[in-house]
Amino acid sequence: MFRGQTPALEPGEYEISLSASGFSDTDLKARATFMVEAPLSLERRAVVMDEDTLVRMAQRTGGRYYREEDANSLVDRLKPISAGKIVEDEIVLWQSWWWFVPIITLLTIEWILRKRAGLL
């Protein structure tokens with residue numbers, strides 16, 4: 001068994017061989033190739049979930065941390081936020097000058113611009 005150490009190598013394919021005094025290159029046929037790859041970016045290095053960090057982030061921001069298996073409790077927690085009263089108010093446009101005049105003006109401007117551009 002032989003061990004060796006090299007300084008940092010550039011990405012690429014390398015070949016290593018032995019040399020010893022008293023032996024010719026044909027007698028020492030031991031060769032090996034190896035590949036050096038570029039290091040992964042910081043984003044790709046840590047691909048596992050860090051639950052402790054997520055819990056601390058939730059505590060610091062006043063939120064809550066839910067695991068995947070706690071999805072049902074998250075849905076129950078969101079129900080009060082989405083529950084509310086919907087108020088619908090119908091405005092008849094042709095009976096309200098505050099709405100009727102601006103809408104007709106915009107439609108007229110659009111019609112004139114399309115006519116000039118040859119789109120009508």
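Arg31 and Ser17 get closest at one heavy-atom pair: NH1-CB, 2.9 Å. Between Val36 and Leu9 the shortest heavy-atom distance is CG1-O, 3.7 Å.
Taking CD of Glu110 as the start and CZ of Arg114 as the end, the distance is 4.5 Å to the nearest 0.5 Å. Taking CG from Asp70 and CZ from Arg77, the interatomic distance works out to 13.0 Å, rounded to the nearest 0.5 Å. Residue Tyr65 holds its OH atom at 9.0 Å from CG of Asp52, rounded to the nearest 0.5 Å. Atom-to-atom distance recorded for Thr108:OG1 and Leu113:CG is 11.0 Å, nearest 0.5 angstrom.
The hydrophobic clustering, which links ILVMFWY residues whose side-chain heavy atoms are closer than 4.5 Å, places Ile109 and Ile104 apart. Linking ILVMFWY residues whenever their side-chain heavy atoms come closer than 4.5 Å, directly or via other members, leaves Leu106 and Trp98 in distinct clusters.
Under a cut-off of 6.0 angstrom, the local environment of CD in Glu10 is sparse, with at most 12 non-hydrogen atoms contributed by other residues, nucleotides or ligands. Other residues, nucleotides and ligands place more than 12 heavy atoms under 6.0 Å from the CD atom of Glu15. Within a 6.0 Å radius of CD in Glu68, no more than 12 heavy atoms belonging to other residues, nucleotides or ligands are found.
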